[in-house]
Structure formats: structure tokens, C-alpha cells
Protein chains: 2
Amino acid sequence: MTDETDMANPPRILVVDDETAIRRFLRTALGGGAFSLHEAETGHAALAAAAVARPDIILLDLGLPDMDGIEVIRLIREWSPVPIIVLSVRERETDKVAALDAGADDYLTKPFGIAELLARIRASLRRTLQEASEPVFRLEGLEVDLVHRKVSVDGRDVQLTPTEYELLRLLVTHAGKVLTHGRILKRIWGIGYLDQPHVLRVNISNLRRKIEADPSRPRYIRTEPGVGYRMMGE
Amino acid sequence: MTDETDMANPPRILVVDDETAIRRFLRTALGGGAFSLHEAETGHAALAAAAVARPDIILLDLGLPDMDGIEVIRLIREWSPVPIIVLSVRERETDKVAALDAGADDYLTKPFGIAELLARIRASLRRTLQEASEPVFRLEGLEVDLVHRKVSVDGRDVQLTPTEYELLRLLVTHAGKVLTHGRILKRIWGIGYLDQPHVLRVNISNLRRKIEADPSRPRYIRTEPGVGYRMMGE
DNA sequence: CACAATCTTGATGCATTCTTGACGCAATCC
DNA sequence: GGATTGCGTCAAGAATGCATCAAGATTGTG
């Protein structure tokens, strides 16, 4: 589907643990730009951070100084379905059952492997992200909703043909950058059309007629003479 | 084929394991009417059962006689998001990571406590059930009651065939979004019908005749030429 | 075993979309 | 300044996709 991995908006992770060593360990393990990290040392701080930072996932230790971790899960579950992965030294089955039934999504007993933790985080994110995130491109009056596959200009819905939409999608996902004729042709019409820029011009023209107010002086799709086209923005 | 999500009907669980002892153990542990159990001994049987029985959750052993469990996960994930919990003797971290990244939702190493397994099953079911948050879909005169499996237009009840209802349900649960032909075909007719969009068109046509006032100019099910169909709404 | 409902498949007419060619215009090169 | 090249627009035939009807196959049910 989409080929561009969006590094601009890394998933937010809230780490809740009172031990500094553990937090530092997780910070190095989860760092590196793949995630945006927030930390909390107490249950109350965790509740506040969950509300303010809106994490995409919570890593929760059960042994907190001010309140029991199970209680933290319950209180969060009263208003948020955010995935919660429990990290705890308690390995008794009753502890696991209590945490899971309180609303936790997963339970790892310390010590755990960092690779396994990362895999479980990916599994959780995969479940929520496949429904959630709404990548919508906006530029002045133009709005391209890549999830719902909807395009509108100044509020009015615009109906595009499959190739027109593919072309627009390609431009939008590379907004600001110049796409060469060759790159576009290869991508949409396949290799073999490299020497036929005409089909591309026709489609750009049709696309402009549908989304540009004045196709002869385009606001969105600018042509870069001798090179290719560029979607404005960024 | 029918997916009677009545509250009276217990969640369906598919157990995939070649060892008779394990299956018997799970049968007693999960029995008692709380769940409806299906079983498979091989990977191929598991794939067939997943398509036919439409389980709400799959318990999968990785050591199958005919194919690797990881491969089973991948093949199921090509067309179904059903929760998969891996039960395996392999306790190496790389095995866990491979299974989770292939699309598994959880991983338990044998031997495990039955209470923990039940808790993890409850956690998985809770997640999927909360996604079906809207029990009844309304749009202008159309009303689709997903709990009682009833459809009405302007107050008059409409009788749909099983496939028609499944199709409508799929569209309604993704209201606003475009569902591609391929996605619908895979989901309702199974993979293998990917290259037969005709059956889909016939059913869309029949469905429209039953719920649309003017099937030639549909209000609810809009066709996205070259792409798929979309239930209006949101 | 027979009946009814449903599903599948084929055929047909219609609408949309794609492709290709022709032509005007602007910028560039010599 | 004239020729060349690249770009944008228009239009028409070809190709594809869609909706609908109808008939045979399948399934379920009593």
C-alpha cells in the first residue's frame, strides 16, 4: 500500500516505573528516534501523563510507591482504550490474571528480553494503528484523505478516476519534492512507459481541471519544466 | 458462513495442535459452554477451519506436522485480522519475535497456567469486541442492527440473504471508507475469489435493490469506479 | 426425496475511463 | 527571428468496468 514509512510522527510511549535503572534501560532500548518517550515514577503521575501526553502505548510496572498498578490500569480504562503492557517482577499467575482482567493488554515478567518487548509493542501498535491514524494532506483549499480515499477542494468533494487518484496520491506523499517524469511514469504506468510522457501530461491536465481553480495558473501541482512535477506544501 | 454474533452464542475458539493430549486438555479447560470449540491438527486444516468456522480467536501451536506455524500465521493474516495466540514449547526469544512480527497477538510458552490463558483470551476478545462499538448503524432511512442482525429501510424490515447481510455488515463497519474489491472478496468469499469481481457486483446489485429507493442512483452504497465500494456516513 | 431459497455463472447493454493523435502556445536554442 | 522542443488542451475510438437479468447449480430443510 503506502511505501513511505512516516518517521515524522513516531508513536508515543509512556514508561511508568519508579526505578531509575529500569527507566534508563528502557530509554536506551526504545530510543533512537523510533519512539517518543515519556516517563512517570508514580501512579498519580502516570494518570496525569496518560491524559496529557496521550501515549499510543503504556509500559507499566505494578510496584509503584503511591498506589497499586492494578488500580492504575482500572483508572485509565475508565476513559481510555490505550494499550497497556505490564512489566513486573511478580510472576504469580494470579497477578497476571488480575492485571489482564483489569484491562491490561499484555504482561511480561522481569527480566525480559528487549527484542521480545519490542515485538510485543509492535504487535500492540499494529492492532491500534490499523484503524486509528488518519493521514490527511491539507493545503489551502485542497484536502486529500488517504485513508478514506477522499479528495475535496474548498469543501466540495471531487471525484477522481483511479489513475488520477494514484497520481495525486503519489504527488501528495512526496509534497514539496520534485518528482521526475520517469519516476512517476514508472510508478503508475509501469516501466515501459518511460518514453511516453504524453500520457502523464494528459492526466496532469485532467487532474488540474478537477482540483485547481485556474488550471492555467496552478496553486497545487506546479510543473518543473524539463524535470517533472511538484506538489506544493511543507 | 454466517457469523451469528448473538450474545447467546459463545465466542468460537479454534485450537490448532497435533498432540491429542493438548487438545483434550484445552477442551476440558475451555469447555463448559463458555466457548464453542473447533479443532485442527495440521496447518492446512487450520487454514480451512479458519475460513469456514470463522473463529473469534485462534490458539496455535507452532510445531505442526505439515508446515511451520509462522507460515500459518502469515497465510491467515493475508485475509483475516482474527486474534491469534501462540502456544508453543519454543521459548527462545527469536521464536517469539518471529511469531509476533508475523502477525500473532500473543505468545505463551508451554507449560502455561490455564488461568493465565483464559485471562489472555479474555483480553483479546475484549479488544475485538470494543471495536464493534456501534451496535446499530443509522443513516437517513437505513438502519442496520448488528446485534440482532436486522435491517430496515424507512421503518420497513428488509430480509437479506446471508451473503447480502455479510456484505452489508462489512460495508457498515467501515462506513465512510472505501473497501476495495479485493478486500471485500477476500473477506466474504475467501481468498481465491480475488479474480472474480462479478460475484461481488451481483450481490451489490441485489443488495441495492433491497435497500436503495432508486438502485440506479444509490444513496447508501456508493461505487468507487475502478476501486471498490463505500458505505456513506461519518 | 422433493421443494424452496440461495448462490453462482453467463450474457448483454450501458457508462466510464484510458489511450492516442492532433494542434496551439510558450520557452529556448541557434 | 525562425526553428525546435516541451507542455497543455481537446477530442474520438478503443478498452475496460459496471449493473442488471436470467438460468442452471447448490445448499438447506422438512
Side-chain angles (χ1 to χ4, degrees), chain A residues 149 151 158-169 171 178-182 184-185 187-230, chain B residues 1-4 51-52 149 151 158-171 178-185 187-230:
Chain A
R149 201 186 180 283
V151 180
V158 173
Q159 198 165 0
L160 301 180
T161 72
T163 28
E164 283 163 5
Y165 179 79
E166 279 304 302
L167 181 54
L168 180 61
R169 192 171 77 88
L171 289 167
V178 176
L179 286 171
T180 64
H181 298 137
I184 301 176
L185 286 166
R187 190 56 172 274
I188 295 188
W189 283 271
I191 211 158
Y193 277 74
L194 270 178
D195 52 347
Q196 300 183 25
H198 184 51
V199 61
L200 172 56
R201 292 203 198 96
V202 173
N203 275 274
I204 287 283
S205 174
N206 293 335
L207 189 50
R208 275 180 178 152
R209 188 183 323 131
K210 290 186 180 178
I211 68 172
E212 298 275 6
D214 179 8
S216 65
R217 207 127 24 92
R219 281 191 302 173
Y220 307 128
I221 304 176
R222 181 151 305 183
T223 160
E224 302 283 336
V227 186
Y229 297 93
R230 178 215 316 253
Chain B
M1 171 84 63
T2 50
D3 180 10
E4 262 125 9
V52 174
R149 202 187 179 283
V151 181
V158 173
Q159 197 166 0
L160 301 181
T161 72
T163 24
E164 283 164 6
Y165 178 78
E166 280 303 303
L167 181 54
L168 181 61
R169 193 170 76 89
L170 188 60
L171 288 168
V178 175
L179 287 172
T180 65
H181 298 136
R183 188 118 175 257
I184 301 176
L185 286 166
R187 194 65 169 265
I188 294 188
W189 283 272
I191 214 160
Y193 276 75
L194 268 177
D195 52 347
Q196 300 184 26
H198 186 52
V199 61
L200 172 56
R201 292 205 195 95
V202 173
N203 276 274
I204 286 283
S205 176
N206 293 335
L207 190 50
R208 275 182 178 150
R209 188 181 324 130
K210 290 187 180 178
I211 68 173
E212 298 275 6
D214 178 8
S216 65
R217 207 122 29 88
R219 281 191 302 173
Y220 307 127
I221 303 177
R222 180 155 303 184
T223 155
E224 300 284 336
V227 185
Y229 296 92
R230 177 210 315 256

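Given the structure is predicted, the values throughout are model-derived calculations rather than measurements. Within every chain, numbering begins at 1; the chains are lettered A, B, ... in the order of the sequence lines, protein sequences first and strands thereafter.
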When we call it a touch if two heavy atoms are under 4.0 Å apart, what does B:P197 touch: a base, just sugar-phosphate, or nothing? nothing
Under 4.0 Å between a side-chain N or O of [X] and OP1 or OP2 of [N]?
| X | N | answer |
| --- | --- | --- |
| B:H181 | D:dG17 | no |
| B:R209 | D:dC21 | yes |
| B:R208 | D:dA19 | yes |
| B:S205 | D:dT20 | yes |
| B:Y229 | D:dA19 | yes |
| B:T161 | C:dC7 | yes |
| A:T223 | D:dG8 | yes |
| A:S216 | D:dG8 | no |
| B:Q196 | C:dT8 | no |
| A:W189 | C:dT19 | yes |

In whole angstrom, what separates [X]'s [atom1] from [N]'s [atom2]?
| X | N | atom1 | atom2 | result |
| --- | --- | --- | --- | --- |
| A:H198 | C:dG24 | NE2 | P | 15 Å |
| A:L185 | C:dT19 | CG | P | 11 Å |
| B:L167 | C:dT6 | CG | P | 15 Å |
| B:N203 | C:dT8 | CG | C1' | 9 Å |
| B:L207 | D:dT20 | CG | P | 11 Å |
| A:N206 | D:dC10 | CG | P | 9 Å |
| B:R217 | D:dA19 | CZ | P | 14 Å |
| B:D214 | D:dA19 | CG | P | 13 Å |

Upstream residue (5' side of DNA chain C) when B:Q159 and B:V202 are each assigned their closest nucleotide: B:Q159
I want to verify a distance call: between C:dC18, C:dT6, D:dT20, whose nearest atom is closest to the B:P215 side chain? D:dT20
Can you tell which of D:dG6, C:dT6, D:dA19 lies closest to the side chain of A:R201? D:dG6
To the closest 0.5 Å, what do you measure between CZ (B:R187) and OG1 (B:T180)? 11.5 Å
Which value, rounded to the nearest 0.5 Å, describes the distance between A:Q159 atom CD and A:K210 atom NZ? 7.0 Å
Could you walk me through whether B:I204 and B:R201 pass the side chain to side chain contact (heavy atoms under 4.5 Å, CB included) test, one step at a time? CA-CA 5 Å; B:I204 286 283; B:R201 292 205 195 95; 5.6 Å; no
Before giving the answer on side chain to side chain contact (heavy atoms under 4.5 Å, CB included), spell out for A:Y229 and A:L200 the whole-Å C-alpha distance, their side-chain angles and the decisive distance to 0.1 Å. CA-CA 10 Å; A:Y229 297 93; A:L200 172 56; 3.9 Å; yes
Out of the candidates A:V199, A:L207, A:N203, only one should pair with A:T163 under the side-chain contact (heavy atoms from CB on, under 4.5 Å) rule; please name it. A:N203
Please lay out, stage by stage, how A:T223 and A:R208 fare under the test side chain to side chain contact (heavy atoms under 4.5 Å, CB included). CA-CA 11 Å; A:T223 160; A:R208 275 180 178 152; 3.6 Å; yes
